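To start, the structure under review is shown below, and the notes come after it.
Along the sequence shown, the residues carry numbers beginning at 1. As a basis for the values below, the full set of heavy atoms in this structure was taken, side chains included, without hydrogen atoms, waters or symmetry mates. None of the values given here were measured: they were computed from a predicted structure.
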Amino acid sequence: MNIKNIRCLLHVAETENISRSARELFIAQPALSRLIADAEKELGYPLFDRVGKKIVLNRNGVIFARHARDILDSWDDLHKELDESNQKPDLSLTVGAEACSQLLPSILQLFRFQQPDAAIQVISAYPLDFTKSDLDYLLKAASSSGKASFAPNEVLLLQEEILLALPQDHPLNIEGEIFYEDTLEYTYVLPSDSTSLGDTLSQYFNENNLTRPPHSTTVNNSFLQCEFVAKGLGISLIPARSWNYVHGNRSLVLKKIKGWDLKRVIWLSFNPSRYQSGLAKAFKQFLIRYFSTMDT
């Protein structure tokens with residue numbers, strides 16, 4: 001079994017369809033079927049089960065896939081390290097973003113001034129998994145109460161409050177103190193639970209036995225969330241510092257909610273078993289400096 005075969009087997013594991021994998025890998029379907037049979041014969045155990053029209057990993061296949069991904073990661077890291085050792089630096093960088101999507105354009109613009117030849121790929125989704133996405137780094141966020149400590153492969157970048165966002169002409173703007181109960185008569189624009197901020201808010205509501213806003217519009221895009229508030233379509237809860245929209249648009253007013261202590265932390269995570277190129281190390285140091293200027 002060689003590296004190419006391992007990639008083919010993992011592709012089948014992802015698609016759960018031999019015909020589709022054969023098309024996408026440009027391999028004849030009988031040849032791909034033989035490849036699977038040969039791998040199972042070599043390992044001594046079946047890797048896939050047929051379930052209806054699908055071919056899915058069985059218990060043996062799950063074990064194989066876990067080790068196979070490690071093998072491919074090590075193979076890729078070997079090439080990167082050899083290239084850098086021979087003065088051929090790896091100029092590719094893949095960044096996952098579960099949070100900070102509004103900051104990323106300015107972050108990458110500034111980083112490109114330092115590294116103009118860098119080929120940067122950004123994957124923005126929630127949640128993201130290192131084992132399924134070939135990421136150099138992952139930007140994550142969570143409630144500060146739920147993330148009190150950080151592992152050696154995690155770097156704290158920022159802690160910020162979650163504040164009430166109001167349009168300029170909203171009646172709550174004239175209030176000296178705003179209590180959460182006073183806001184419930186108004187329509188909210190809330191992030192969906194399929195976003196990092198939405199997940200954080202849901203946990204806060206549940207942990208503090210708070211009634212969720214009875215009137216709300218749900219969105220899964222931070223720019224839309226801010227734009228809806230700016231257009232007077234509701235009020236919202238948003239991060240105080242990491243959303244560029246707020247600082248570039250004066251149509252939003254941010255207010256603290258009396259008695260609330262809702263904060264979130266943003267951190268950078270990386271796979272400690274993977275080789276870090278010079279470019280990746282430079283990006284990590286750049287991010288640390290970038291966020292340090294915000295945390296003053």
Side-chain angles (χ1 to χ4, degrees), residues 1-84 88-98 101 104-105 108 117-140 192-196 220-221 269-271 273-277 279-280:
M1 192 183 310
N2 58 34
I3 293 295
K4 181 180 178 180
N5 292 346
I6 292 175
R7 293 190 193 278
C8 290
L9 290 168
L10 287 179
H11 194 286
V12 174
E14 289 291 329
T15 64
E16 298 183 341
N17 186 297
I18 293 180
S19 298
R20 177 182 164 187
S21 285
R23 288 195 306 272
E24 294 180 359
L25 294 169
F26 301 102
I27 300 173
Q29 183 173 333
L32 185 56
S33 296
R34 282 198 304 273
L35 187 152
I36 294 172
D38 289 345
E40 292 178 328
K41 182 178 179 181
E42 181 178 341
L43 292 170
Y45 298 97
L47 303 177
F48 294 91
D49 290 336
R50 290 196 173 274
V51 179
K53 295 182 178 180
K54 293 184 177 181
I55 179 170
V56 299
L57 290 174
N58 58 26
R59 183 174 60 183
N60 303 321
V62 171
I63 295 172
F64 165 81
R66 184 176 72 250
H67 288 280
R69 292 188 183 100
D70 289 341
I71 291 169
L72 292 184
D73 285 345
S74 295
W75 182 256
D76 291 340
D77 288 346
L78 168 63
H79 279 276
K80 290 179 181 179
E81 191 165 357
L82 284 173
D83 285 343
E84 295 215 343
K88 293 181 179 179
D90 179 16
L91 296 177
S92 63
L93 181 70
T94 304
V95 181
E98 292 183 356
S101 60
L104 273 177
L108 297 182
D117 296 326
I120 304 172
Q121 180 184 11
V122 176
I123 301 173
S124 181
Y126 180 79
L128 284 170
D129 187 344
F130 270 122
T131 63
K132 295 183 179 179
S133 302
D134 188 17
L135 303 175
D136 292 297
Y137 292 111
L138 178 57
L139 281 164
K140 299 176 69 70
S192 70
D193 289 346
S194 63
T195 66
S196 174
N220 64 354
N221 181 289
S269 181
F270 56 94
N271 188 338
S273 66
R274 296 297 306 274
Y275 174 75
Q276 283 197 321
S277 67
L279 180 70

- Query: Is the backbone of A280 close enough, under 3.5 Å, to the side chain of Y137 for a donor and an acceptor to pair up by distance?
  - Reply: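 Checked: pair present.
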- Message: Please check this pair: side chain of E42 against backbone of M1, looking for a donor-acceptor N/O pair closer than 3.5 Å.
- Response: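 Present.
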To the nearest 0.5 Å, what is the distance between [atom1] on [X] and [atom2] on [Y]?
X    : Y    : atom1 : atom2 : result
L25  : K4   : CG    : NZ    : 9.0 Å
N5   : N2   : CG    : CG    : 4.0 Å
D38  : S33  : CG    : OG    : 10.5 Å
D83  : S277 : CG    : OG    : 10.5 Å
S196 : E98  : OG    : CD    : 6.5 Å
T15  : L10  : OG1   : CG    : 11.0 Å

Nearest non-hydrogen partners of [X] and [Y], listed with the distance:
X    : Y    : result
A13  : E16  : O-CG, 3.6 Å
D77  : S273 : OD2-O, 4.0 Å
L35  : C8   : CD1-CB, 4.2 Å
L135 : V95  : CD2-C, 4.2 Å
G96  : L128 : CA-CD1, 3.7 Å
I6   : A68  : CG2-CB, 3.6 Å

- Task: Quick one: do V12 and L9 satisfy side-chain contact (heavy atoms from CB on, under 4.5 Å)? Show the steps, please.
- Result: CA-CA 5 Å; V12 174; L9 290 168; 5.8 Å; no
- Task: May I have all residue pairs that pass ring pair (Phe, Tyr, Trp, His ring centres under 6.0 Å) and include part of residues 50-83, sequence neighbours excluded?
- Result: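 Counting only pairs at least two positions apart or across chains, the ring pair (Phe, Tyr, Trp, His ring centres under 6.0 Å) contacts touching residues 50-83 are W75-H79.
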- Quick one: which of Q29, E14, H11 gives a side-chain hydrogen bond (donor to acceptor under 3.5 Å, both in side chains) with S21?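 Single side-chain hydrogen bond (donor to acceptor under 3.5 Å, both in side chains) partner of S21 among Q29, E14, H11: H11.
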- Walk me through it: do I71 and I3 pass the test side-chain contact (heavy atoms from CB on, under 4.5 Å)? CA-CA 8 Å; I71 291 169; I3 293 295; 4.1 Å; yes
Let me check something: any side-chain donor-acceptor pairs from residues 47-57 under 3.5 Å, sequence neighbours excluded? List them with distances.
residue, atom, partner, partner atom, Å
D49, OD1, N58, ND2, 3.4

- How far apart are the C-alpha atoms of L104 and L139, what are their side-chain angles, what is the distance that settles it, and do they pass the side-chain contact (heavy atoms from CB on, under 4.5 Å) test? CA-CA 10 Å; L104 273 177; L139 281 164; 4.1 Å; yes
- Task: Mind running side-chain contact (heavy atoms from CB on, under 4.5 Å) on I18 and I36 for me, showing each step along the way?
- Result: CA-CA 10 Å; I18 293 180; I36 294 172; 3.9 Å; yes
